[in-house]
Structures are given as C-alpha cells and as structure tokens.
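Note that ligands are numbered from 1 as they come in the structure, with each ligand's atoms numbered from 1 the same way.
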Amino acid sequence: DPYAKDPRRHPALKPSSTKPFNAEPPPSILADSFITPVDLFYVRNHLPVPDITEKDYNLEINFKGKDYTFSLNDLKKKFEKVTITAAVMCAGNRRGEMTQIKPVKGLNWGHAVIGNATWSGPRLSDVLKYIGVKEEDPAIQHIQFEGLDTDVANVPYGASIPFEKAIDPKGDVILAYEMNGEPLPRDHGYPVRAVVPGVVGARNVKWLGRIVVSDVESDSHWQQNDYKGFNPSVDWDTVDFKKSPAIQELPVISAICSPDSGSVIKLNPNNSISLKGYAWSGGGRKIVRVDVTADSGKTWYSADITDQDTRKEPRHWGWSLWSIDVPVPKGTSEVELWAKAVDSSYNTQPETFANIWNLRGVLSNAYHRVKVKVAA
Ligand code: MTE
Ligand code: MO
C-alpha cells in the first residue's frame, strides 16, 4: 500500500477520499479563527505523502541547463526569512453545490476547502536572483514546480506559475518551511512548499523538489489537462484542454460557515439570526463588502468584517472573516440565507451556478445559500 506511510490526521477532518487523502474541516470551525489551525487545514493530495527527512532534502533548481542545489539549511541561512498571511483555496472548493445543477468529475467538496495561514521562508524571487535569473530576461516565461510525490510511473505532481509573479518581490511567492510558525506538517508539504498567494491551490506545490526556470508552462497533467474553466455547454466529448488557460488567480468567493444548512435556529431576541463566514478573492484583491439577505434579495445587509489582514490590495493575500445578525421577518418558519462578497476591484459573485457550470466543477463561486428552520 503506497499510502501506508501517510501521516495521522485530525479526526474532525471529513474525508472526500482516503487514498489519496483529501479532507476538509467542519465549516463552523473555519469561522472561529482568522488563522486556521494547522491540523484542521484542508488537505488536498493527489498522491501518497512522500517520506522525506530533513537531512536528505534538497531543492534543485534548473536554470539554462545547469542545476543548482539548496539544502533546507541553505534556504534558511542564505536568504531573508519572510512571513506572509495567505489563504490557500482549492479550485474545487464548493464543487458539491455546482454538482446539483448537473454532475461533474471531481471530489465532492463542501465549502471548507480553504484555509488561512501564515507562511514563512525565503522569497522565490531572492532565490532566483541568487542563481543569476534576471527579471528582464525575455527567454523566461514560466517557473515550473515539481513535487517529491510521484505516481506509479514515477511522474511527480507538477505545476507552473507565470515568471512575472515569481520574480516580482511584491508577488510574495514564498518557499515556505513554516506554517503558522511551526515546521510545515507532512500533509502540507514538509519540508518545503511553494506558497503562491492569490493563486489557486494547485500551483502551491508541496514537497517541493525541483524548480525549472523555463520558456514554457509545466507539462504536468495538472497544469495542462485539469484545473481549467470551460463554457457550461462543453462536455467530455467536446472538451479541448488546449483551448483554456490554466487557472492562476482565483475569483471572489464567500461562504456562510454557521449556521449549517438544515439546522433549527432559535431567533435572537431582536428577531435576527447570527451568521458567520469567510470571504476571499484571488490576485491580492481585498474584500470590501459582504452582503447578506434573508428574503431572496429584497433586502440586503452588509456584514461586519471582523478579521482582516492589514496588507493593502493588490497584496492582500489573507481571507476576511465576517459576521452579522440578519433580521428575519416575523412568523417565518423557514428561511434561506444568502451571502455574496465584493472585492476591491468591485468584482462580485454570480447569483447562481447554472451559467458558470463546468465539467470539472471548478471556480464554483455563486452566492452561498443556507436554508434553516426557525424554532417556534
Ligand atoms: N503539491 C503536490 N506536490 N502534490 C499535490 O497533490 N495538491 C495541490 C497543491 N499542491 C498537491 C500539491 C492542490 S490541488 C491544492 S488545492 C493544494 O496543494 C492543497 O494544499 P493543502 O493540502 O496544504 O491544503
Ligand atoms: Mo486543489
């Protein structure tokens, strides 16, 4: 069993698959803390977790046909240690809701496939400059990452990001060896992972073994034939993965973390329901507003943003937590609560999933809707 050496996981994580291990925490836990505890952070693995010891670990960087090698100690000693707060989200977060329109191919995820953490390590831009990479080199277009996790044919997990993002110190791409101030746990990429803030989880390559400075994107399955969006009418007979760009920056999203759908709520004395949730946008865009309604949009209220990083857009990488007491019309026995967020570019979420449906169930960011019963 190639998964026999996988780490132990927190019992609260709800698996959507066990081999490979994929799991998300209960949504209510997410809204409890601005920094998601490491053992409750969602896990998205495509392959077995590699068994790496710190002393055998090396990061290899290939640049113009030459290989450069860095030990973990080199990464710690040779470069400034930078700490950023960034949310990481899977492109498949909230896929389960899109599936209700029409089936899609992919893990049946809920709305907790996102977490917010602090990440520490050297800037990728510093490491690249150290080996002689020049910002204005026209031959360089993409930075490819390879994981140390491999499939049965020995092919590693891989992805790439645009060179512009990688080489810009303000892009804040980090080769992280710490998460929330502790060494990275095995499930999250021990000993080193790429953290590419504002960019889809899939490019935040864990167990980073190799970087290739290149003129082309990664040829990995996950860069070329997965993690792309399509027109809702494209199906598995007509799909041409070459026609869509790989997802990089993610669109704006939000979710109600409590109450849960289906719960029975006792109203507050002022006839309101207390809601809590998260909101986030890719590309360093900040959340400027979260709108909530309890009457299908006749009346919208703006939630209080309770927790937010102080970094300004377009380098606002962390998520926002929000809460609100929404007034509910008297005599209501069942109520549907909707939430939508607005980011600093005034992008907002689509109203329904119908017209953003895609065959992989990615970018699933329509209004979040939770139906609850009101206790008599
Ligand atoms: N890196 C490697 N090496 N192998 C993987 O399977 N999964 C990716 C990314 N990096 C993956 C990887 C995907 S799709 C996501 S969403 C994030 O890691 C999940 O990060 P997490 O498990 O730390 O939450
Ligand atoms: Mo993902």
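Looking only at distances, a side-chain donor or acceptor of His10 sits under 3.5 Å from a matching main-chain atom of Ala12. Under the 3.5 Å distance criterion, the side-chain polar atoms of Lys66 are left unmatched by any main-chain donor or acceptor of Asn62. Judged by distance alone, with hydrogens and angles left aside, the side-chain atoms of Glu135 form no donor-acceptor pair with the main-chain N or O of Lys129 at under 3.5 Å. In this structure a side-chain-to-backbone donor-acceptor pair under 3.5 Å is present from Asp343 to Ser345. The backbone N or O of Val239 sits nowhere less than 3.5 Å from a side-chain atom of Asp235 that would complete a donor-acceptor pair. Using a distance-only test at 3.5 Å, with no hydrogens or angles considered, a donor-acceptor pair links the side chain of Trp322 to the main chain of Tyr278.
Note: an N/O pair closer than 3.5 Å links Tyr42 and ligand 1 by distance alone. Any N or O atom pair closer than 3.5 Å counts here, and Arg193 shares at least one such pair with ligand 1.
Of the protein's heavy atoms, Lys206 N, 2.9 Å lies nearest to atom 1 (N) of ligand 1. With hydrogens left out, the protein atom closest to atom 7 (N) of ligand 1 is Arg44 O, 3.2 Å, a heavy atom. Scanning the protein for heavy atoms near atom 8 (C) of ligand 1, the closest one is Tyr157 OH, 3.6 Å. Here the protein heavy atom with the shortest distance to atom 9 (C) of ligand 1 is Gly201 O, 3.2 Å. If you check which protein heavy atom lies closest to atom 23 (O) of ligand 1, you get His188 ND1, 2.6 Å.
Taking every non-hydrogen atom of His46 and a distance limit under 4.0 Å, the qualifying atoms of ligand 1 come out as 5 (C), 6 (O), 7 (N), 11 (C), 14 (S). Of all the atoms in ligand 1, the ones that sit under 4.0 Å from a non-hydrogen atom of Asn45 are 6 (O).
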- For the pair Ile174 and Val196, evaluate side chain to side chain contact (heavy atoms under 4.5 Å, CB included) and give the outcome as yes or no after the intermediate values. CA-CA 7 Å; Ile174 305 288; Val196 189; over 6 Å; no
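Clustering ILVMFWY residues whenever any of their side-chain heavy atoms sit less than 4.5 angstrom apart, transitively, puts Val88 in the very cluster that holds Tyr190.
Considering each of Leu184, Asp149, Val205, the one bringing a non-hydrogen atom nearest atom 4 (N) of ligand 1 is Asp149. Considering Ala202, Ala23, Cys90 only, the shortest heavy-atom separation from atom 13 (C) of ligand 1 involves Ala202.
Residue-level proximity to ligand 1 for Asn204 is carried by the backbone, the only part with a heavy atom below 4.0 angstrom. Residue contacts with ligand 1, taken as heavy atom pairs separated by less than 4.0 Å, involve Tyr227 solely via side-chain atoms from C-beta onward.
For the atom pair Tyr68 OH and Lys64 NZ, the distance stands at 10.0 Å (nearest 0.5 Å).
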